[in-house]
Protein chains: 2
Amino acid sequence: MPTISKENYLKTIYQRAQTSNEPVTTSYVASKLEVSNAATSEMAKKLSDDGLISHEKYKGIELTDNGREIALQIIRRHRLWELFLIKVLGLSWGEVHDEAEMLEHSTSELLINTIDDYLGNPKFDPHGSPIPDRFGNLPVTPAIIALTKCRTGKKYRIAKVNDKSSELMNYFSRLGLELEKEIVIEDRLEFDNSITLSIDNRIHSLSEKICENVYVYSN
Amino acid sequence: MPTISKENYLKTIYQRAQTSNEPVTTSYVASKLEVSNAATSEMAKKLSDDGLISHEKYKGIELTDNGREIALQIIRRHRLWELFLIKVLGLSWGEVHDEAEMLEHSTSELLINTIDDYLGNPKFDPHGSPIPDRFGNLPVTPAIIALTKCRTGKKYRIAKVNDKSSELMNYFSRLGLELEKEIVIEDRLEFDNSITLSIDNRIHSLSEKICENVYVYSN
DNA sequence: ATTAAAAATTAAGCAAACTTAAATTAATAA
DNA sequence: TTATTAATTTAAGTTTGCTTAATTTTTAAT
Ligand SMILES: [Mn+2]
Ligand SMILES: [Mn+2]
Ligand SMILES: [Mn+2]
Ligand SMILES: [Mn+2]
């Protein structure tokens, strides 16, 4: 297994490639990991030597099959830990991401498979992201759209949230916004692209920035 | 919090001080952590600068109050994880030490206290070692003696085993040798200081080296 | 008390993972 | 097309944590 640093780089590259069509740039990875571009360029060289990425200079980074396999292993560990911490140990939506960010690098194959079985081989983590199985296969995921793309007046069910900010997770918890919960889009302001929606018959207004981080089933 | 390396040094120093009257030497720590004496001398300098140990050159190492506090935190994490992995996730006696050795460095205060509560604030780990509480206090421990000190013909109960070798743990499991289990010392050979004892009415012979790693209540 | 052996420290150097600053390549605009 | 700007890489240097080799200190033996 690679070092913790390498694992974090691989995971970041994988997740960027998943959610963007543009090539994965060193500067994106650098900003995501909060290191310098120089550090990322150097690491790209090393990961390339390791056969985990291919890197065309000044263009972009792509994972090799080996690199993707490792990235998926780390993501598997991360997501299973998040679910375990919530389901078994009762941590909150806002607490689990940071814990998982550390545990994902200290978890053996044996342990993560044990946790997987303990949880009944779940397919999704507590934020709605798919969990790779022990062979690196992702479950088929239903079609989802960001709240920003929703139609006024329609009813939706929460499918996924981005979990990078614990502050935001805590806010969602206070709102009662959770997976599978029904919401209705009441209104949207052209002025700032904010959206008014009802959760449990209570009305809330969410900024565009927040709406970009909430996804619903597109039906 | 210190680095993983520093945590491992502090833990090793603490545990040596607990189980030996002689000063904690750099060479002991080095051999235990499987690094060079030079590495340990250098680390001693740094830990000294950090105010975590006091080190009289060519004499020995002692933990400061701060150093001991951190050591006890790591030991707490280690032992609670071991118990959790066995009790909750069903790992075996032989599997948990190596897992805990990693997890102890990736576990927040919040998480370990949650685990502690989940387990009902246990006082001993699965190998019979005491678990420091969240304030660093160790439970009072009953008097125990190594198997090597036991009297022939007497009956004892297993109180503790040293868990450093998973091979040995697996062997104990096969023998049925577990905590609180009753054993009878049947015989001992002057020739090699091996001991013959009965567990569940089956007779086994254990080498001196093995007996040094098994403790019973001294009644 | 001297000397030899053992233990511990210091010196010198390496690899990993960073940094800032300089150089290079690519993109864009005149 | 050429010049400017932006993105990226390379260069040079730091810190952490390790190594082996040399030196120093302590201990043990004669
Ligand atoms: Mn997460
Ligand atoms: Mn991580
Ligand atoms: Mn252990
Ligand atoms: Mn450890």
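Values below: all heavy atoms of this structure, side chains included; hydrogens, waters and symmetry mates excluded. Just so it is clear: chains get the letters A, B, ... in the order the sequence lines come, proteins before strands, and each one is counted from 1.
A/K45 places its NZ atom 12 Å from the C1' atom of D/dT9, with the value rounded to the nearest Å. Nucleotide C/dA17 holds its P atom 11 Å from the CG atom of A/L10, rounded to whole Å. A/D50 places its CG atom 15 Å from the P atom of C/dA15, with the value rounded to the nearest Å. For the pair A/I61 CD1 and D/dT9 P, the interatomic distance rounds to 7 Å; values are reported in whole Å.
At least one side-chain heavy atom of A/L33 sits less than 4.5 Å from a side-chain heavy atom of A/V29. Two residues are said to be in side-chain contact when any heavy atoms from C-beta on lie closer than 4.5 Å; B/P132 and B/I75 meet this criterion.
Between A/D49 and A/K45 there is a salt bridge, since a side-chain N of the basic residue sits under 4.0 Å from a carboxylate O of the acidic one. Checked for salt-bridge contact, B/D133 and B/R76 miss the test: no charged N lies under 4.0 Å from a carboxylate O. Taking the charged nitrogens against the carboxylate oxygens, A/R77 and A/E82 have no contact shorter than 4.0 Å, which rules out a salt bridge. We find that A/K11 and A/E101 are joined by a salt bridge, their nearest charged nitrogen and carboxylate oxygen being less than 4.0 Å apart.
Remark: A/T25, A/T26, A/S27 in residues 18-32 of chain A come within less than 4.0 Å of DNA chain D through at least one heavy atom.
Rounded to 10°, the helix from C/dA1-D/dT30 to C/dA30-D/dT1 has 10° between the axis fitted to its first five pairs and the one fitted to its last five.
The distance from atom CG of B/L80 to atom OG1 of B/T107, rounded to the nearest 0.5 Å, is 9.5 Å. The line from CD1 of B/I4 to NE2 of B/H105 is 6.0 Å long, rounded to the nearest 0.5 Å.
Dashed line: the shortest gap from a side-chain N or O of B/H55 to OP1 or OP2 of C/dT9 is under 4.0 Å. Applying the 4.0 Å criterion to OP1 and OP2 of D/dT10, one finds that A/K57 has a side-chain N or O inside that range.
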Could you go through A/I61 and A/L47, starting from their C-alpha distance and side-chain angles, then the distance that decides it, and tell me whether this counts as side-chain contact (heavy atoms from CB on, under 4.5 Å)? CA-CA 10 Å; A/I61 298 168; A/L47 291 172; over 6 Å; no

If you apply the rule side chain to side chain donor-acceptor pair (under 3.5 Å), what do you find for B/H78 with B/D125, and how did you get there? CA-CA 9 Å; B/H78 183 101; B/D125 84 1; 5.9 Å; no

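Checking A/T25 against A/S27 by side-chain atom types alone, a donor-acceptor pair falls below 3.5 Å.
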Could you write nucleotides 12-23 of chain D as a row of B, S and -, 5' to 3', where a protein heavy atom under 4.0 Å of any base atom gives B, of only sugar-phosphate atoms gives S, and otherwise -? B----BBBB---

